[in-house]
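Below: one structure, written as C-alpha cells.
From a predicted model like this one, the values you see are computed outputs, not experimental measurements. Whatever order the structure lists ligands and atoms in, that order sets their numbers, starting from 1.
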Amino acid sequence: MELTEGGLSIEVETPRDGTSEGSGDGVFFNPTMELNRDITVAVLRAYQEREPRVSTYLDAMAASGIRGVRAANEGYEVTCCDIDTEAVDVAQANLEHNDLKATAVERNVNALLHESLFDVVDLDPFGTPIPFIDAAFSGARNLVCVTATDTAPLCGAHKQSGIRKYSTVPQNTDYHPEMGLRTLLSALVRTAARYDVAAQPICSHVSRHYARTYLELDHRATAADSLLEELGYIHHCEDCLARRIEGGHHPQSVPQTCPVCGSNRLLTAGPTWLGPVADSEFVSTVRRELSAEMGTVSRADRLLSTIESEIDTPTHYDQHRLCKQWGVPANAMDEFLDDLRNAGYEASRAHYSGTAFKTNATIDEIQAAAAPDAD
Ligand SMILES: [Zn+2]
C-alpha cells in the first residue's frame, strides 16, 4: 500500500495486525511512530540551525526507508542501511519515488559505523538499541538519535532484563516512564564515555510504547568526565513515595529506613542519569520547526511545549496516585500546581502522563502545600 507522511509518499507493507511488532513477513513500517518521525524532522531542522556544518545522516535500520526519505527531503546527505536485501530495495524505490538522491546499502550497520563517520546517526530498532550503541558512538560526529521500545526492562518491570541490558539497576516505581528514560540515558552516557565522548541529551520524550532521545556529542574526554558526574542513585520509598537523590559513582549511604515515614520498603535505582533530559532552548527551536505537512503537528507541539517548561528534577510525581495515597479526591492539576507555586516551590507539568508533575518540594511539603481537602 502507498501512504503519505510529512508530504512524502511511501510504499509499504503493513504488518498483519496493522500496528505492532515487525515479526511478520515483508518490510516493516510502523504507523504509530509517525509522531516520533515528525519530531525527528523538526530536530534535524533545528540541529542544522545549531550546527550549520552538519550534513550526513545515517538511517541505521532503514526498513521502508521512511526516516531516510524524510531526512533526505530536509537536504541531508542520507545513507539508508539495512541488513535485509528486500528492505534495501524498498528503501531505494521509496527514495526514487520521491525524487530524492540518497544511498541505500545492504550492510551490517555496526560494521558500517566502524568504517564510516556520519554527522547524525539515527537508531530506531525493535526493542533495545544496545546492540548498536557502541558502533553509533564510534561512528557519529554530532548527534545520535535513539529509540528504545523495550520499556518493561528499562522501567524495572522486567528488572533482571534491565540489569543485563543496561548495566544499571532500574526500579519499578510510580514514575516508571521517566525511570525508563533515565535508565536508557545512563547506559548511553556511560557507553559514549568509553570512547572519550560526552553524549548530552538535548531532547527526549517518552510516548506510549517507547523512549526517544537525541544526544549531542562532544569529543573531549574532559567533557565525558563532567557528564559522568551527573549519574547517581534514586532512593525510593514504596510506602510514602518519598525519594532521595544521591549523585556520584558509588552510593555512599543506602538508607535502611525511610526518613519520612520510617518504612523499610526502600528501593535504590542506579547508576541512573540524574541530569537534564532536554535542553529547553533547543526544544523551543524544535517546536518552531514543526510544520503543517506533519500529520501529528498538534500532538507534537503539545508534547514539546510540556517538555520545554518541565522543571529539571530526576523524578516526577503522579497527582492521582498521591491523592489516593492521602485519601483525598484529586483536584484540577492547574489548581494543584498553583498551590505548590504559591507556597514558594517550583512546579510544572511533566510530559510522561496527564497527571504527572514535577516539583522541588519533598513529599511532605507537597502534601502540606497542595493536598486538597478530604471532603
Ligand atoms: Zn516513606
Side-chain angles (χ1 to χ4, degrees), residues 151-160 162-163 168-183 185-186 206 230-275 277 310-331 333 335-337 339-350 352-375:
T151 50
L154 281 169
C155 75
H158 295 167
K159 187 169 159 186
Q160 281 308 126
I163 292 172
T168 176
V169 180
Q171 296 285 7
N172 201 358
T173 60
D174 49 308
Y175 39 93
H176 52 92
E178 184 164 13
M179 175 67 68
L181 174 60
R182 290 178 181 280
T183 300
L185 289 171
S186 165
V206 183
E230 298 190 57
L231 293 166
Y233 296 83
I234 300 171
H235 306 294
H236 174 84
C237 173
E238 288 193 278
D239 283 322
C240 74
L241 309 179
R243 53 287 312 245
R244 187 166 70 77
I245 305 304
E246 185 185 348
H249 297 305
H250 314 288
Q252 297 298 318
S253 54
V254 176
Q256 300 303 307
T257 54
C258 172
V260 177
C261 75
S263 164
N264 60 5
R265 296 178 62 235
L266 293 185
L267 302 173
T268 293
T272 192
W273 174 250
L274 302 176
V277 302
E310 253 174 43
I311 68 165
D312 184 20
T313 61
T315 69
H316 66 266
Y317 297 88
D318 182 274
Q319 187 221 9
H320 285 189
R321 179 79 173 77
L322 290 185
C323 289
K324 193 174 165 202
Q325 174 98 358
W326 300 329
V328 297
N331 58 348
M333 185 66 132
E335 189 187 334
F336 188 89
L337 295 179
D339 287 345
L340 279 170
R341 290 189 198 106
N342 291 338
Y345 304 106
E346 287 180 67
S348 73
R349 287 178 181 268
Y352 302 96
S353 81
T355 52
F357 72 96
K358 287 184 168 259
T359 179
N360 61 349
T362 62
I363 195 90
D364 34 3
E365 289 168 340
I366 301 170
Q367 185 172 14
D373 295 332
D375 39 67

Query raised in the report: Heavy-atom distance under 4.5 Å between the side chains of Ile245 and Ile234, does that happen here?
Result: yes
Requested in this report: Begin from the C-alpha positions of Asn360 and Glu365 and carry the test side chain to side chain donor-acceptor pair (under 3.5 Å) through to its verdict.
Outcome: CA-CA 9 Å; Asn360 61 349; Glu365 289 168 340; over 6 Å; no
Query raised in the report: How far apart are the closest heavy atoms of Thr355 and Asp318, and which atoms are they?
Result: OG1-OD2, 2.5 Å
Requested in this report: To the nearest 0.5 angstrom, please state how far the CD atom of Gln171 sits from the CD atom of Glu238.
Outcome: 8.0 Å
Report task. Please indicate how many protein N/O/S atoms are found closer than 2.8 Å to the Zn ion (ligand 1), with waters neither displayed nor included. Result -> 4
Query raised in the report: Trp326 vs Phe336 aromatic rings, parallel, tilted or perpendicular, using cut-offs 30° and 60°?
Result: parallel
Query - Arg243 NZ/CZ over Tyr317 ring centroid, <6.0 Å and within 45° of normal - result: yes
